[in-house]
Colleague: 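Just dropping this structure here.
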Amino acid sequence: MISVLYVSIYIALLAAFTGYEVITRVPVILHTPLMSGSNFIHGIVLVGAMIALGLAQTPLEQAIGFIAVVMGALNVTGGYAVTERILQMFEKGKSKKGN
Amino acid sequence: MISVLYVSIYIALLAAFTGYEVITRVPVILHTPLMSGSNFIHGIVLVGAMIALGLAQTPLEQAIGFIAVVMGALNVTGGYAVTERILQMFEKGKSKKGN
Amino acid sequence: MAVTVAVAKEKSEGEKRVALVPEVVSRLTKSGVRVLVESGAGEEAYYTDGAYSSAGAEIMHDRKSILSQADVLLVLQPPAPAEIALLREKAIIIGFMSASKNVESIRKMKERKLTAFALELVPRITRAQSMDALSSQATIGGYKAALVAADYSPKLLPMLTTAAGTIRPAKVLILGAGVAGLMAIATARRLGAMVEAYDVRRAAGEQVRSLGARFLELQIDAEAAGGYARELTPEEKQKEQAMVNEAVSQADAVITTANIPGRKAPRLISKEMVSGMKPGSVIVDLAAETGGNCELTKAGGVVVENDVTIVGPLNLPGQIPFHASQMYSKNLQSFLGLVIDREGKLAVNFDDEILKGSLMVHDGEIRHAQTKELVEGRQ
Amino acid sequence: MAVTVAVAKEKSEGEKRVALVPEVVSRLTKSGVRVLVESGAGEEAYYTDGAYSSAGAEIMHDRKSILSQADVLLVLQPPAPAEIALLREKAIIIGFMSASKNVESIRKMKERKLTAFALELVPRITRAQSMDALSSQATIGGYKAALVAADYSPKLLPMLTTAAGTIRPAKVLILGAGVAGLMAIATARRLGAMVEAYDVRRAAGEQVRSLGARFLELQIDAEAAGGYARELTPEEKQKEQAMVNEAVSQADAVITTANIPGRKAPRLISKEMVSGMKPGSVIVDLAAETGGNCELTKAGGVVVENDVTIVGPLNLPGQIPFHASQMYSKNLQSFLGLVIDREGKLAVNFDDEILKGSLMVHDGEIRHAQTKELVEGRQ
Amino acid sequence: MFPDIYDPVYVVTIIFFIVGLHRMSHPRTARSGIMWAGGAMAIAVLVTFFYPGMHNLTLIVVGIAIGGSIGWIAAKRVAMTDMPQMVAIYNGMGGGAAGAIAAVELLTSASNGAYSALAVAGAAIGGISISGSVIAFLKLQGWMRQKPITYPGQQPVNIIVLLATIAFGVLVLFPGIAGFNTLLLFFIFAIGYGILMTLPIGGADMPVVISLYNALTGLAVAMDGFSLQNYAMVVAGTLVGAAGSLLTLLMAKAMNRSIGNVLFSAFGAKEEENANITGSMKPVQPEDAAVMLAYANSVIIAPGYGMAVAQAQQKVKELVDLLESKDIPVKFAIHPVAGRMPGHMNVLLAEAGVSYDHLFDRDEINADFPNTDVVLVIGANDVVNPAARREGSALAGMPILDVDKAKNVIVFKRGQGRGFSGIENELFYADNTKMLYGDAKDSVSKIIQELKKL
Amino acid sequence: MFPDIYDPVYVVTIIFFIVGLHRMSHPRTARSGIMWAGGAMAIAVLVTFFYPGMHNLTLIVVGIAIGGSIGWIAAKRVAMTDMPQMVAIYNGMGGGAAGAIAAVELLTSASNGAYSALAVAGAAIGGISISGSVIAFLKLQGWMRQKPITYPGQQPVNIIVLLATIAFGVLVLFPGIAGFNTLLLFFIFAIGYGILMTLPIGGADMPVVISLYNALTGLAVAMDGFSLQNYAMVVAGTLVGAAGSLLTLLMAKAMNRSIGNVLFSAFGAKEEENANITGSMKPVQPEDAAVMLAYANSVIIAPGYGMAVAQAQQKVKELVDLLESKDIPVKFAIHPVAGRMPGHMNVLLAEAGVSYDHLFDRDEINADFPNTDVVLVIGANDVVNPAARREGSALAGMPILDVDKAKNVIVFKRGQGRGFSGIENELFYADNTKMLYGDAKDSVSKIIQELKKL
Ligand SMILES: NC(=O)c1ccc[n+]([C@@H]2O[C@H](COP(=O)([O-])OP(=O)(O)OC[C@H]3O[C@@H](n4cnc5c(N)ncnc54)[C@H](OP(=O)(O)O)[C@@H]3O)[C@@H](O)[C@H]2O)c1
Ligand SMILES: NC(=O)c1ccc[n+]([C@@H]2O[C@H](COP(=O)([O-])OP(=O)(O)OC[C@H]3O[C@@H](n4cnc5c(N)ncnc54)[C@H](OP(=O)(O)O)[C@@H]3O)[C@@H](O)[C@H]2O)c1
Ligand SMILES: NC(=O)c1ccc[n+]([C@@H]2O[C@H](COP(=O)([O-])OP(=O)(O)OC[C@H]3O[C@@H](n4cnc5c(N)ncnc54)[C@H](O)[C@@H]3O)[C@@H](O)[C@H]2O)c1
Ligand SMILES: NC(=O)c1ccc[n+]([C@@H]2O[C@H](COP(=O)([O-])OP(=O)(O)OC[C@H]3O[C@@H](n4cnc5c(N)ncnc54)[C@H](O)[C@@H]3O)[C@@H](O)[C@H]2O)c1
């Protein structure tokens, strides 16, 4: 039976490869939106923050957890909105409005 | 704690994505060598065959296991040699010799 | 016995071409043919006597003895009747016969029982492409026609944006997109003009566009056998006239090449149309010889009417004599392949499709119906 | 008081151009200038009297009264001395002065205290580009020179692979790659020739190559001030001669445009070199006017020597009169901007660099040193 | 000895496999890709000897030796042209191994729900893969009729066999009901389905089918991996399963076919025979034309009227520039009557800026064709028609460009159009000729695009 | 309620994330990519409320509401040009959240070897990421000097702080020795290092640095995921970590810089000031030029002598064809004295087959420039030099093409060469001008290649 450690390693490894392969051969213009988009994706940290706050016991933990949730939420919504706006420019015709 | 099932799903999922992403945007000429190359890679079945034979108890199991090892070995060495020969054509100058 | 092929200096006016060039002479002499060349025959096409004699020809100064020794006489235009009288009986003449202009010569050939092959009658089958002197000369004619148009035009053909203003490109219209017309299109385009073309044959449309020019479409299809055009119905003529009229009035230069073999050239540009043209425009009428596509054309002359210059050149290929002779000579070389065998002996197979098609006079008879009518009808 | 600008019909032989075209006339009249045009002045360039009068010009039949009313007379070539006598005192003449050919006229201008601006003296500064009539006319000359070469050649310029053999492309050599030379290169290349060019100025190399032609390199750099070439040293001349010699002997057509302003044209092709050329080759000598780049050139004539045709055309731009006039006229329009203000009044600022440079005669004095020597030295 | 060494080694193996596959998907690095994968495989096999509780080591070594040497020698010996069937047969072996492993698994473990189900799935897929691959091999090798083998009611029969396979597979999961015979029948149906499924597929479609079986084998291996709890097999198998599936789609797409069409339409079953001309027209894709050019040592372009119609001259010039930048010399063969007017090709090529020293007429170039790797016939037809050499043909007597003597010929044309003469061109059916259909300008553009990627 | 619903939901989330990222990496599908990712995120957040044993639900909702509304509103309000700093600050928030989670984790769990170590690593990386991102934000926003901030001994100081971070991190793992203060100091050093590391980096390099911090945040999230045993976080974090790292490399490469060079060289610290002309020359890569063209609604090409020297006319024609095939109208602006002879451009463009109706002279086209999205100045210099409008300049009095009035100008030239007049061209320094260096023919070719990929 394989250990949890190796399972985790497989998962991390494959996730890393997936991330890498997705990005290879991406045109230069997409650098910024992709950076912004992946910034949004690590907003999943909000889920961790919610769990941390959800399981927090002491006020200190609650305080830190609360801060984490606020920051995580900022990451999520801000990241989404920014990416969305940047990518709007890629819709032809609408491109002028963004500016 | 996450279940083994989900871990397995993550692994299969990510492996599938990796396989998919590696192949997208591959030129037509590479179709055959890639088919051959990935044929070689599933030669890893030899490892399974070895384990099956290694852990086999009854003569029937041993017999099937032995067949599995032979076939797996065929897959591995044949797959390698064929891929190698196909890919040799991609080295310029040598291209004429292969024919 | 080896055949004797002779080339005399062309006598017709303005004819600078020569029927054989030294390169072809040397091929003939190598296969055992005796080649006689009149001194100075190639002079105006810039082929020297020296070049001929080093190619193996015998240079002769006496025109009469050349004619009297020839088994095969190669010409651009048929000789005068008096000279035909000098040829031996059964001698072969090969060249353009232009029967309508040379009725007397043809009659003389008949009387003298000569054999005459008319190159303009060579059927346009694949095998005969290398003997197609009409095409080879039309190629040169089309090129030269574009140059003549550029030359007579008071305008530049290409567009030029300069510190002294922008010159708009000239509009050149080509009427008749046969061999000459296509070459005129190509040459005018090379010079930077905006080129439009028109032809009654629908197939010409694709060909015109394949040279990057615009084709004026009229919904008529009038292709007859052999790639030649048939004559148009009156109604078609009218529609065509309207479209051509409009295009002509816009053009800075018009080059007309429309021909219907064996007939008078179709009239495409009337006097009134000329009066509707822009001052300074030019018409080059390649059909001048057969009556002209323009009403005002004076064959061999230049007419200026209402500030429009109408050029009716005769024998344009003759103005590029070096290459025109070279190509004509190559055509003859191929044709001779049907008349002379590999050992240099005469071997005429009168059943050959090409020889049959181009045979004009033989054994005291005129074999080409239209010519027969022309010559004997007048008798 | 509004200024009166006059254009008379050019009288010099073969001059078909006109100094103002209707388009420019209408710009002038719109700004209040009175424009007088002699009847028929634009005729040979295909600009009709009607076009002039609808552009706002007064058409006059009496040449004398035109001249006597003019504040500013626009010309291509200076009028004859007798006509200059008809002009008012202080009248301004603008145009090519070609002093060496018009000594008497210049003298008369001086006597009559006229002001004469010579367009050929306009300094080649950026601001003056739109007044650079030398360039505009040379552009047309270069184009026409290539056409003339193609016209006189007994050969096709482009390569053609046909059923009647392959025609090799003609080799065209351009000597002198100034404005005219570059245009000749471009035009010959358009026609499909293989083009080589040579110039003493090294900078011309890049320019020649930028048109896709080959540049004959000789390790000399001889650019003098203003983009004009200096005269060569004897040793340089010799080396150059050897290289040019070789290239000339290979060429089917040579177009020479080498000039050194104010001097006799350099001699690039000697009689012996001509005798080394291929039969049927052509030389077009654009420097015929200033003595010719070829020893055998006859200005204004055609010489055939040793099967080589040498054309020495005078006033080639004049053979494309429509566009040559248009460009010249645009040049004059720009120049008039320095002489006439926005309200259509005379306002000459003699300190302006361009006016200073091009001023030839003023106030009873010849201001241009070389011309002064020419005119007064002879006195 | 080295207790848990195999786990980290398997991780490394996987990394190497992925890197290898990645490299194999770029022409420049492809060669090294198989090395990476090969190295990883060697290590993985070695380390498996140290798997806990291994018996039968001699048997294992013997098995590897037998299979390994046969595989190696056969692969090295066969002709280059027989490679596709070799891939098929080796893939089948992999499927067989996967099936056998599943069988052992099903025999030993007295069932463990999910794992057994995965083993059954692996066994079924492996069985289909081995028999299908073998049929593919036989067809390609010519030991079996290449044409689709069809009979009435074929589809229903296939579906019934497939359902039977599934049914017995489910049965196997209930050890109470099922015995050894159930298992045997299950395998027989699976193997049978593989055979039946492959019979109606024609030779030309085989590469797609082989790729499909390749993906299936990958899947089977992954399933075995699950049931063995061997993640190296899971990952490698899934990798191949995914990559192989995509590849199958891409290959079908490159042939302008859908997968369904390939599998179920018995394409080519009713192919007509051409009375007169032997051989068949072989279409080629711009991508493959690009590769042929990229690896050529000499190229001649024979343009014709079609180039003029397509106004492709500028693109052709660009292609020439590109090839020359790769040190591949290119010449133009200009036939005297190519096009529709004398000098037609000259005019167009001059317009596109092709220099004169690239142009050769018939007499100058005909001797070069036999030594030329690739000839591009761009919109020419009559002027390259070998019929002209035959007395009695409408083209008889016209000297042609001997492009048919070159090693490879690619003909650019839009469709079934004939030339000016209106007669059929047997060049198009020659063994060394491939047809690139489409407007010449578009086709040349595509080749340029592909060439730039190589 | 729904007992283990979050596990399958997380799997789906991951699938959506990967699909989203995949789509974002192609221009055509990019827009939809963010939608996929957004949808997945919404579901993941919702389902987390059903995580077993959750307390403080109100607090969570309040926190999300506060953070969410600030983030949303700020992102929607700021100017488009300020987007990079917004990415920086939101990324920093993510890093901060990751650090905070790790802190909670370290405070609660009384240590479990590997998991704690991962939490510490997550905390450190998160701390560096938040402070670094904030500095990047401040610099880009102009609230801090954009130029690199350097001082003697900067490198040693940075290294010492980094070592201290690591040391305290290790200490934290030993609850026996370490207390709350250790943890605090650890965070202070990590945050400090982020600040110090970012100070010496100049404004132009910021995008690369932001991308780096983005990758780091991803890593930190993955580590938190490990220690929380939340594989959605692990996968998403690793995905971003890997993609972000590669992206960072690609971005640095696109700027012709190495990562090391960006991070440690204080690039631009000694930038010289140009005495006369304001602004600076901004080089652009063919890839980006291609994108500007692809998304333009109107393009004008102003050719000059450089196009002739490069003999780029055929390529330029090809570019025009390509743009027109994408429905982007292209015009040529032909200046009367462009080149070295009258009509120089006409001759070349005619040779390349550009039709006359594409050509416009100065008077016809000057009014169009202000409404033109992109002007390509291909080897022209004097004829587009605004100095000509100034009295006293050597070019004074020559009417020029008003390309400087267009929205974007791309100037093609090889290097610092001047025009025929020999004077400097202030157009090249204008805000809306970018310089594409290299031979014009090569540059146009590259643009064509890139355009075809879009
Ligand atoms: N040169 C002359 O002076 C002259 C004059 C008159 C006649 N001819 C005759 O013309 C013929 C010339 O032979 P050739 O080989 O040049 O041409 P061809 O035999 O006429 O064949 C043209 C080929 O081009 C293809 N095609 C047409 N448009 C195309 C496009 N847009 N893209 C790709 N392919 C295209 C056609 O097939 P698809 O339709 O399937 O695309 C056809 O196979 C000879 O028979 C000659 O005798 C020549
Ligand atoms: N048209 C005429 O009749 C005529 C006659 C004589 C003089 N002129 C004068 O010539 C000038 C023409 O202006 P212009 O704007 O066309 O040209 P320009 O001012 O001479 O500038 C040419 C530009 O092209 C660049 N360049 C040169 N080779 C290149 C290559 N291979 N690839 C990319 N870029 C290249 C040069 O910069 P790099 O060196 O950095 O690459 C330079 O910036 C005017 O000043 C005009 O007065 C015109
Ligand atoms: N089979 C061959 O090998 C071969 C060889 C040469 C030419 N051809 C074909 O024959 C065709 C005609 O050749 P040609 O140049 O000798 O013809 P031509 O000189 O007899 O006539 C010139 C052109 O004028 C056109 N024309 C006739 N009446 C017209 C009218 N009223 N208005 C406008 N145009 C009119 C004709 O259609 C023809 O294209 C060519 O286009 C060519 O395709 C075939
Ligand atoms: N600054 C401007 O705006 C402007 C305007 C027009 C011309 N120019 C420059 O001035 C140059 C000369 O112009 P042009 O055409 O009026 O000159 P031109 O007519 O005086 O002379 C023609 C050419 O002959 C060349 N030449 C002289 N002696 C020669 C010899 N022995 N052998 C070969 N060539 C010889 C000259 O170098 C010149 O290029 C042009 O090339 C152009 O670049 C500049």
Side-chain angles (χ1 to χ4, degrees), chain B residues 8 11-12 15-16 18-20 22-23 26-31 33-56 61 64-84 86-87 90-92 95 98-99, chain E residues 17 21-22 24-25 27 30-31 34 37-38 44 48 51 54-56 59-60 63-64 66-68 71-72 75-76 80 83 86-87 90-91 93-94 96-98 100-101 103-104 107 211 214 217-218 221 224 228 233 235-240 242-244 246-247 251 254 285 287-288 291 295:
Chain B
S8 301
I11 292 182
T18 306
Y20 178 88
V22 168
I23 301 297
V26 41
V28 174
I29 22 142
L30 283 176
H31 284 174
L34 255 174
M35 175 169 81
S36 180
S38 58
N39 169 39
F40 167 68
I41 287 176
H42 66 52
I44 192 77
V45 75
L46 174 57
V47 165
M50 287 166 71
I51 294 172
L53 178 51
L55 307 183
E61 284 172 28
I64 302 179
F66 182 75
I67 294 174
V69 168
V70 172
M71 295 206 285
L74 265 162
N75 186 171
V76 167
T77 55
Y80 184 85
V82 168
T83 312
E84 235 266 326
I86 297 179
L87 287 176
F90 286 83
E91 310 248 305
K92 208 174 161 174
S95 59
N99 283 297
Chain E
F17 277 168
L21 207 56
H22 180 91
M24 276 191 262
S25 66
R31 187 84 194 285
I34 186 67
T48 305
Y51 203 80
M54 291 286 276
H55 303 289
N56 306 325
L59 218 53
I60 293 179
I64 293 180
I66 295 177
W72 187 263
K76 286 288 176 189
M80 215 45 211
M83 283 298 152
M86 296 315 283
V87 176
Y90 292 135
N91 174 58
M93 293 300 110
I101 294 167
V104 175
L107 287 173
S211 177
N214 180 43
T217 305
V221 171
D224 281 358
L228 288 176
M233 285 171 71
V235 175
T238 315
L239 209 56
V240 174
L246 182 55
L247 204 54
M251 288 169 78
Q285 298 299 315
E287 293 85 346
D288 298 292
V291 174
Y295 293 97

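Since we're looking at a predicted model, the values are computed, not measured. Values below: all heavy atoms of this structure, side chains included; hydrogens, waters and symmetry mates excluded. Labels below follow one simple rule: chain letters A, B, ... track the order of the sequence lines, proteins then strands, and each chain is numbered from 1.
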Colleague: With respect to chain E, which residue among B/V82, B/T83, B/I41 yields the maximal number of heavy-atom pairs within a distance under 4.5 Å?
Modeller: B/I41
Colleague: Does any part of the side chain of B/F66, heavy atoms only, come nearer than 4.5 Å to the side chain of E/I66, both counted from C-beta?
Modeller: yes
Colleague: Taking C-beta and beyond as the side chain, do E/M24 and B/V22 meet within less than 4.5 Å on heavy atoms?
Modeller: no
Colleague: Should E/V240 and B/N39 count as side-chain neighbours, where that means a heavy-atom distance under 4.5 Å?
Modeller: no
Colleague: Quick check: do B/E84 and E/R31 have side-chain heavy atoms less than 4.5 Å from each other?
Modeller: yes
Colleague: Please classify the contact of B/I11 with chain E as side chain, backbone, both or neither, using a heavy-atom distance under 4.5 Å.
Modeller: side chain
Colleague: Search all heavy atoms of E/I60 against all heavy atoms of B/M50 and return the closest pair with its distance.
Modeller: CD1-O, 3.6 Å
Colleague: State, yes or no, whether a side-chain contact exists between B/V70 and E/M93 at a heavy-atom distance under 4.5 Å.
Modeller: no
Colleague: Locate the shortest heavy-atom distance separating E/A243 from B/I23; write the atom from each residue and the value.
Modeller: CB-CG1, 3.3 Å
Colleague: In terms of heavy-atom pairs under 4.5 Å, which option from B/L53, B/T18, B/V69 contacts chain E the most?
Modeller: B/L53
Colleague: Relative to chain E, which segment of B/V76 carries a heavy atom at a distance below 4.5 Å: side chain, backbone, both, or neither?
Modeller: side chain
Colleague: Quick check on B/I67 against chain E: is it the side chain, the backbone, both or neither that has a heavy atom closer than 4.5 Å?
Modeller: neither
Colleague: Please tell me if the side chains of E/W72 and B/Y80 come closer than 4.5 Å, counting only heavy atoms from C-beta onward.
Modeller: yes
Colleague: Checking E/A37 against chain B: side chain, backbone, both or neither under 4.5 Å from a heavy atom?
Modeller: both
Colleague: Examine whether an atom of E/L228 lies under 4.5 Å from a heavy atom of chain B, and if so say whether it belongs to the side chain, the backbone or both; otherwise answer neither.
Modeller: side chain
Colleague: Based on non-hydrogen pairs under 4.5 Å, which of B/A16, B/S36, B/G72, B/G65 is most in contact with chain E?
Modeller: B/A16
